[in-house]
Amino acid sequence: MVEIELDGQKVEITEGSMIMHAADKAGTYIPHFCYHKKLSIAANCRMCLVDVEKAPKPMPACATPVTQGMIVRTKSDKAIKAQQSVMEFLLINHPLDCPICDQGGECQLQDLAVGYGGSASRYEEEKRTVPVKDVGPLISMKEMERCIHCTRCVRFGQEVAGVMELGMIHRGEHSEITTVLNDTVDSEVSGNMIDLCPVGALTSKPFRYQARTWELSRRKSVSPHDSTGANLIVQVKGNKVLRVLPLENDDVNECWLADRDRFSYEALNTEERLTQPMLKQGGEWKQVDWQTALEYVANGLRQIKADHGAGSVGTLASPHSTVEELYLAGALMRGLGSENIDYRLRNAEFAKPEGVRWLGTSIASLSTLQRALVVGSNLRKEHPLFALRVRGAVRKGAAVSVIHDVEHDWAMPIANSLVAPAGQWAQALADVATAIGAEKGVSAPVSGNATDSAKAIAKSLMGGERKAILLGNAAAHHANASSLLSLANWIAEQTGATVGYLTEAANTVGAQLAGALPGEGGLNAGQMLANADGALKAVLLLNTEPQFDSAAGRAAALGLNKAQMVVTLSPFKANMEFSDVLLPIAPFTETPGTFVNAEGRVQGFHAVVKPLGETRPAWKVLRVLANMLGLPGFEYESANEVLVAARGAQDAQAALVQGGALGNATSAAADLTASDGRPATASIYQLDGIVRRAPSLQMTADGQLARKAEEVAT
């Protein structure tokens, strides 16, 4: 540790730290633009000049290392005058368009100009202009003459996103930030550049000119998409969501958001929203009131149960639903006497889990990994924020190995890659296990071939201290999922690694905790979707569109059409081809609820806007439906009461799921039988109904690629 004097205050700071770090620790604000705690130091803007005793001139606080006994003054005349001079320089070419700038009210340059800027400019020449750039549907670069060349956006792409899509060309007054080749910015985390920009050069295209920042209410929420559980600030005006920003949480999403977390809110304001219950009568859809719709559903369920038995009723639920919704859906089915409920819509294997499948480690620990083996995941597109952490670990020297059926661009160096058809992944893991066994002198659980690729992966896993084997969405949905887990557990035991599932959805872990799984004799999702013998007569679809969300794909319609009654609970006009009833339920912004992310972190949230039209929270709809059916135990008055019932009174307020409930152990024996077909996985902007309906996301390169693939498939 080194002790310095900062504005007369003694501060102890780690050797090698910069003055800026010491100021942060001491709670002293030093004005800056280019410095950011998550990015490398560039010292571009010079706004952080401070007075260091015995230094002949002011020094940049962000790039000046501390030394023992250093005396620093941040508010001396020398420091203030230097900062004022820098501000004058920065404003020489800055346009006078604050009244029409989207950044107005949250602009660092505007804020600091009040304290450090002059009342008039000495510069009388014409200000420079910069050509307009079109970099895609998410980021606006129409006013790049506002840019102060802090290069935060450039460094973010290079260091965090792993793709240097923006760079600075030319020199002096001709300098400009550009894509160089006039390409679009296609990174799945590109929206973070908007947050990082300290001026109005990079702004949000979907939000552009929608509202002033001081007109917006700021409300906390949690992302309903992938299993990160990113913390959000949802900004609202007039009961309408207009913008989503990250809420900083170093344990979960740090200060970043994936683009689908940031821009998917557009879907909440589209014409596709379902705002009134609807019944299909004579092949035509008619709007009805809630009483009529619920009576129709209750009478239908009652009649079908009487005619065909409770086993003829089932529920397919989305793992993007809340714990409360999933718990009540399961309780409703079991109250009717049916065990037919499942959230595992994309799975090909339905072995009874021996614990709640989870990440196997904390999300934060991904940043400190030294070795990792990822099986069956396009990490960058399926879990963008996990990829940022793993990429950060690689920058510190971690070695990542991959087993997949396609060579994906992860925007990071991959130490070892074993490409094999999905049906041969168990064999590939057996080969790695054999190589490890040979190295350690132990017998592998099954015999494999220690290929060169397997040996390289084995050697990598046997090095380092902090290690993880991560099973991706394709591995979780695999026909031999239990075999993959069994082999991964053996390899982890021999190498000292943790084993875990990246988990697909916002509430995959929560769905397991809530009991959204078939009980004894119950039908699993695959059986219900196929409905081969037509035994399933009534189906409730909770927040899901099986033709897009399941392994059955478009064939799901064939199985569901065999049912007498299909009830869809959705925020959108969905499943109209085979449904008989549509019940409008609230999306995550219009209902309280709870998600449990991949690491078992329980995150509750409240509604940030009022329900649209006649939309109602799904937990209330399920509770009222149960009341109308005369089922006992559904006297809940709030979502929190449902959560207490789902988790137990003692665990309901715990921030993390208790370790005993989580587990990735399996007693299944490894089976090397090759399976046919590729496991079902969703592309980045097809994961759930909300992202599928977000116009700007669908206009991105990834969105268009998925649409073309769908057109080819059909």
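Note that the structure is a prediction, hence the values are computed from the model and not measured.
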Just by distance, do the side chain of [X] and the backbone of [Y] share a donor-acceptor pair under 3.5 Å?
X	Y	value
K467	G496	no
R647	L513	no
E504	A476	no
N192	L257	yes
T544	L541	no
N489	L485	yes
T434	A430	yes
E599	I363	yes
N507	V596	yes
N597	T228	yes

Where is the tightest heavy-atom contact between [X] and [Y], given as atom of each residue plus distance?
X	Y	answer
A399	S460	CB-OG, 3.8 Å
D259	S187	OD2-O, 3.0 Å
A329	I341	C-CD1, 3.7 Å
V394	P413	CG1-CD, 3.7 Å
A458	A435	CB-CB, 3.7 Å
S318	L326	O-CD2, 3.7 Å

Can you confirm whether [X] sits close enough to [Y] that some side-chain heavy atom of one is under 4.5 Å from a side-chain heavy atom of the other?
X	Y	result
M528	V539	no
F578	L558	no
W619	T322	no
Q686	V691	no
F548	R554	yes
L332	L540	yes
S486	S483	no
L369	T498	no

Cationic N near anionic O, under 4.0 Å, D688 to R260:
no
Report the residue from M412, R380, E188 that forms a side-chain contact (heavy atoms from CB on, under 4.5 Å) with V163.
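Per the side-chain contact (heavy atoms from CB on, under 4.5 Å) rule, the option paired with V163 is R380, out of M412, R380, E188.
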Please name the residue in the list L484, V432, I491 that meets the side-chain contact (heavy atoms from CB on, under 4.5 Å) test with I469.
I491
Counterpart residues, ring-ring contact (aromatic ring centres under 6.0 Å, His included), relative to Y327 (two or more places apart)
none
Is [X] atom [atom1] crowded by more than 12 heavy atoms from other residues, nucleotides or ligands, each under 6.0 Å away?
X	atom1	result
R707	CZ	no
D452	CG	no
E439	CD	no
K459	NZ	no

List the steps, then state whether side-chain contact (heavy atoms from CB on, under 4.5 Å) holds for T495 with W490.
CA-CA 9 Å; T495 59; W490 188 89; over 6 Å; no
I need the [X] [atom1] to [Y] [atom2] distance, nearest 0.5 Å.
X	Y	atom1	atom2	result
Y343	Q512	OH	CD	3.5 Å
Q698	S264	CD	OG	11.0 Å
T315	L523	OG1	CG	11.5 Å
Q527	L536	CD	CG	10.0 Å
N378	D409	CG	CG	9.0 Å
I690	H225	CD1	NE2	5.5 Å

Under a 3.5 Å cutoff, is there a donor and acceptor pairing between the side chains of [X] and [Y]?
X	Y	value
S377	N473	no
S482	E349	yes
D431	Q427	yes
S227	T503	yes

Let's go through T594 and Q603 carefully: what are the C-alpha distance in whole Å and the side-chain angles of both, what is the deciding distance for side chain to side chain donor-acceptor pair (under 3.5 Å) to 0.1 Å, and is it a yes or a no?
CA-CA 6 Å; T594 307; Q603 301 188 109; over 6 Å; no
Run the numbers on N416 and V402 for side-chain contact (heavy atoms from CB on, under 4.5 Å), then give the verdict.
CA-CA 6 Å; N416 307 289; V402 178; over 6 Å; no
With sequence neighbours left out, which residue pairs that include part of residues 656-674 fulfil the side chain to side chain donor-acceptor pair (under 3.5 Å) condition?
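The answer is E354-S667, D671-T673.
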Give the ring-plane orientation class for H478 versus W425, where under 30° counts as parallel, over 60° as perpendicular and anything between as tilted.
tilted
If the plane angle is over 60° it's perpendicular, under 30° parallel, otherwise tilted; pick one for F605 and F595.
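It falls in the tilted class, 30° to 60°.
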The complete set of salt bridge (charged side-chain N to carboxylate O under 4.0 Å, His left out) pairs with one or both residues in residues 537-552, sequence neighbours excluded, reads R346-D549, E545-R692, E545-R693, D549-R692
Just do the side-chain contact (heavy atoms from CB on, under 4.5 Å) check on E382 and T681 with the steps written out, would you?
CA-CA 9 Å; E382 292 174 2; T681 56; 4.2 Å; yes
Assess whether side chain to side chain donor-acceptor pair (under 3.5 Å) is satisfied between E254 and N249, documenting all intermediate values.
CA-CA 5 Å; E254 300 178 276; N249 185 338; over 6 Å; no
Checking side-chain contact (heavy atoms from CB on, under 4.5 Å) for the pair L373/L429: CA distance, chi angles, key distance, verdict?
CA-CA 10 Å; L373 170 59; L429 281 174; 4.1 Å; yes
